[in-house]
Number of protein chains: 4
Amino acid sequence: MARVKDDQKIELIYQATMGLVMKHGFTALKMADVAAEAGLATGTVYIYFKDKETLINQLYNYIREKSTGLYAEGIDEEDSFRKSLRRLWKQFFNFSLEHSAEAAFLEQYQRSPYLTGKSKKENNLLMQPFLELLSRGQQEKRLVKLEKEVILSLMIGPVHEMIRSQTNGSLKITPTVIDSTFELIWESVKR
Amino acid sequence: MARVKDDQKIELIYQATMGLVMKHGFTALKMADVAAEAGLATGTVYIYFKDKETLINQLYNYIREKSTGLYAEGIDEEDSFRKSLRRLWKQFFNFSLEHSAEAAFLEQYQRSPYLTGKSKKENNLLMQPFLELLSRGQQEKRLVKLEKEVILSLMIGPVHEMIRSQTNGSLKITPTVIDSTFELIWESVKR
Amino acid sequence: MARVKDDQKIELIYQATMGLVMKHGFTALKMADVAAEAGLATGTVYIYFKDKETLINQLYNYIREKSTGLYAEGIDEEDSFRKSLRRLWKQFFNFSLEHSAEAAFLEQYQRSPYLTGKSKKENNLLMQPFLELLSRGQQEKRLVKLEKEVILSLMIGPVHEMIRSQTNGSLKITPTVIDSTFELIWESVKR
Amino acid sequence: MARVKDDQKIELIYQATMGLVMKHGFTALKMADVAAEAGLATGTVYIYFKDKETLINQLYNYIREKSTGLYAEGIDEEDSFRKSLRRLWKQFFNFSLEHSAEAAFLEQYQRSPYLTGKSKKENNLLMQPFLELLSRGQQEKRLVKLEKEVILSLMIGPVHEMIRSQTNGSLKITPTVIDSTFELIWESVKR
DNA sequence: CATGAATGAGTTTTCATTCAT
DNA sequence: TATGAATGAAAACTCATTCAT
């Protein structure tokens with residue numbers, strides 16, 4: 001059979017896995033359910049992934065790579081620092097919002113027994129575009145003097161929290177809300 | 001009389017469970033391990049908790065109640081809004097830091113199959129002290145005009161994120177860092 | 001403590017055991033339930049009986065001995081064979097009826113893993129008074145020529161069956177019914 | 001296609017269960033033993049039956065339905081009442097004899113915690129062919145005037161009792177014995 | 001490759017029995 | 001003796017993985 005078909009199936013399995021992790025968490029993740037959700041037989045999943053651990057780890061890599069590339073797209077070196085930061089942050093927010101299944105998976109993965117020392121380091125790469133931009137901001141003295149990790153937390157933390165609130169049902173995120181939020185964050189991190 | 005069924009043992013089981021969840025996550029939680037960690041026989045756990053689900057749900061309630069009470073202690077109505085907010089926020093931060101096992105458990109619980117509609121609502125109570133103080137701030141016009149949920153995210157989000165960074169090893173949280181962080185947050189939420 | 005008290009407790013445990021076996025059968029018989037039903041602590045049962053098997057076997061012996069003696073009481077050698085048989089059979093019926101818990105226990109015991117070769121033989125003793133009377137009947141040529149075991153079945157079988165029907169709710173046993181039933185049975189076994 | 005989930009396996013499990021219940025009783029029935037006896041892995045049984053309770057209840061229904069159909073086969077309305085009754089009774093006897101495993105199971109089931117109100121009623125259906133024939137007998141005035149339940153007990157009770165005796169080893173049932181027994185029973189129930 | 005029934009090791013849960021009080 | 005909490009071996013049940021079709 002054609003190669004294309006295989007890739008489609010891998011994607012199918014990834015989507016099924018993420019969806020289930022978002023809905024019921026890692027704890028309840030069963031291989032049989034993944035297969036069913038993907039519209040495949042249990043055994044088929046094992047053709048594409050050696051075992052559960054491999055599936056999860058490969059999915060993790062897949063999401064990480066895809067995410068990093070996507071949300072950091074189109075950042076223009078020519079733009080002012082503020083403008084660049086605004087753009088990157090909003091892209092991150094929107095990306096997180098649209099890809100909540102991926103986000104949920106990443107979050108769960110952190111506290112899972114699947115997280116190895118290796119993937120711990122790789123995780124930081126996800127924030128790489130942010131960290132680089134923050135470096136530029138500090139060089140241009142447009143950013144408050146403080147550890148970059150703290151500044152990153154000030155920017156990223158609220159995003160995660162707001163998405164959680166929306167999932168809870170206690171907050172409705174609109175473009176306006178996103179814009180205002182950035183302005184507030186900017187107040188705290190600008191120099 | 002026979003050995004007395006004691007609350008101390010319940011506490012023991014709770015601690016063992018939280019410790020294990022923090023270390024290896026929800027996924028790997030085994031009743032036999034809980035018992036061993038608590039220094040008890042497997043069967044003993046079942047004297048105090050009907051089954052695994054009950055243990056987890058009761059532990060969740062226990063942590064929630066205990067946490068809410070603790071971090072919100074000693075808030076003085078006489079203090080200025082800024083001072084009160086600073087105090088509550090720092091207490092929340094320190095509490096989260098000191099009770100990372102509890103925090104880890106709560107976080108894991110959110111995405112677990114154990115979360116019911118009922119516990120979803122109860123969860124909001126945890127943030128109640130914060131929400132009340134924010135109301136006061138908005139009445140006194142000391143707080144930016146924005147949905148309280150957003151403001152809460154701006155305050156709480158960075159705390160969660162920083163603690164995660166410290167767990168990762170990419171950040172070392174010191175009292176100074178905490179203080180500076182609050183000042184930055186205050187810049188964004190004050191009016 | 002006094003000796004009397006002990007015997008009372010043994011009796012208490014026996015009654016509790018029989019009641020539970022009647023209600024839910026052997027399968028569901030738990031030592032903790034026996035104790036609770038008897039109003040005792042679990043451990044107390046083990047003071048009087050070495051283990052579950054011992055309790056069941058001793059109870060079996062207790063019932064067997066008590067029953068045999070009781071239902072066969074007052075049989076008068078001077079009475080005619082028919083009169084004697086009638087009396088013995090009715091006593092057996094009434095005894096079975098009044099002591100349905102005992103009867104249920106005996107019945108269950110037969111099919112249980114507690115039944116040993118030894119108790120298998122002892123079981124026949126229960127029917128001894130009947131078998132003796134049947135011997136007399138055959139000597140007096142008042143009884144049909146057929147294996148005594150078959151005749152016994154013709155007499156005893158309906159009793160068990162009727163009691164089961166009454167337990168089911170599909171039959172109401174009255175003294176009149178008992179009398180008529182004997183007359184019918186007599187028709188079949190007389191010579 | 002994968003191995004097909006087959007009804008034959010269900011039959012296999014049923015046979016294994018009945019055999020074990022007959023040999024060692026309900027009490028000692030273990031799922032692992034059922035599987036082993038059926039030549040399957042433990043887990044396989046759970047593919048066909050949700051849990052132990054379900055297995056037992058479905059087996060009960062299976063036996064009941066099968067039994068009713070089988071022993072009542074070939075009854076001819078044209079035959080005289082006596083002939084019909086003789087035939088039905090003998091078929092019942094032989095069936096009970098040949099299917100002692102089934103019979104043992106049914107008997108055990110009655111006093112088990114698995115018996116529900118629903119199955120209690122269904123149980124009566126087993127005797128339905130008998131009850132109908134008895135009705136005919138009473139209409140034709142060939143049967144003694146007495147509650148049908150009593151007459152049923154006079155006919156069925158001895159069968160159960162004799163089989164029990166044979167199992168005990170105290171009676172050897174032969175075709176001659178069966179024939180003579182019916183004649184005696186007929187003496188008591190005819191009008 | 002695809003399927004999904006079968007497997008059996010691994011977990012959860014029960015319950016006879018012990019033992020500290 | 002009496003108590004009933006504690007124990008842990010044994011039974012019920014689950015689910016990742018295999019394999020016959």
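All heavy atoms count here, side chains included; hydrogens, waters and symmetry mates do not. Numbers restart at 1 for each chain; the letters A, B, ... are given by sequence-line order, proteins then strands.
Heavy-atom nearest nucleotides on DNA chain E were determined for B:Asp33 and for A:Val45, and the one closer to the 5' end corresponds to A:Val45.
Screening residues 14-23 of chain D for side chain to side chain donor-acceptor pair (under 3.5 Å), with sequence neighbours left out, gives D:Glu11-D:Gln15. Screening residues 29-40 of chain B for side chain to side chain donor-acceptor pair (under 3.5 Å) gives no qualifying pairs among residues at least two apart or on separate chains.
Set against F:dT7, F:dA2, E:dT3, the side chain of B:Leu40 has F:dT7 as its closest nucleotide.
Ring pair B:Tyr109/B:Phe26 is tilted by interplanar angle, where 30° to 60° counts as tilted.
Side-chain atoms of A:Tyr114 and A:Asn57 form no donor-acceptor pair, as typed in the model, at a separation below 3.5 Å.
Remark: C1' of E:dA20 and CD1 of C:Ile47 are 14 Å apart, rounded to the nearest angstrom. Atom-to-atom, CG of B:Leu55 to C1' of E:dT13 comes out at 14 Å; the value is rounded to the nearest Å. When rounded to the nearest whole Å, the span between CZ of A:Phe49 and C1' of E:dA2 equals 16 Å.
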(message) I need a per-nucleotide contact map over nucleotides 11-17 of chain F, read 5' to 3'. Cutoff is protein heavy atoms under 4.0 Å; write B for the base, S for backbone only, - otherwise.
(response) SSBBSSB
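Between A:Lys9 and E:dA2 there is a side-chain N or O to OP1 or OP2 distance below 4.0 Å. When the side-chain nitrogen and oxygen atoms of D:Tyr48 are compared with OP1 and OP2 of E:dA5, none of them lie within a distance under 4.0 Å.
Here D:Glu107 pairs with D:Arg164 in a salt bridge; the nearest charged N to carboxylate O distance falls below 4.0 Å. Using a 4.0 Å cut-off between a side-chain N of Lys or Arg and a carboxylate O of Asp or Glu, D:Glu102 and D:Arg64 do not qualify as a salt bridge.
Checked against side chain to side chain contact (heavy atoms under 4.5 Å, CB included), B:Thr54 has the following partners two or more places apart in sequence or in another chain: B:Lys50, B:Asp51, B:Gln58. Applying the side chain to side chain contact (heavy atoms under 4.5 Å, CB included) criterion to B:Ala35, with sequence neighbours excluded, gives B:Val45.
Counting only Watson-Crick and G-U wobble pairs whose two key distances fall under 3.5 Å, DNA chain F forms stems of three or more stacked pairs at E:2-21 with F:2-21.
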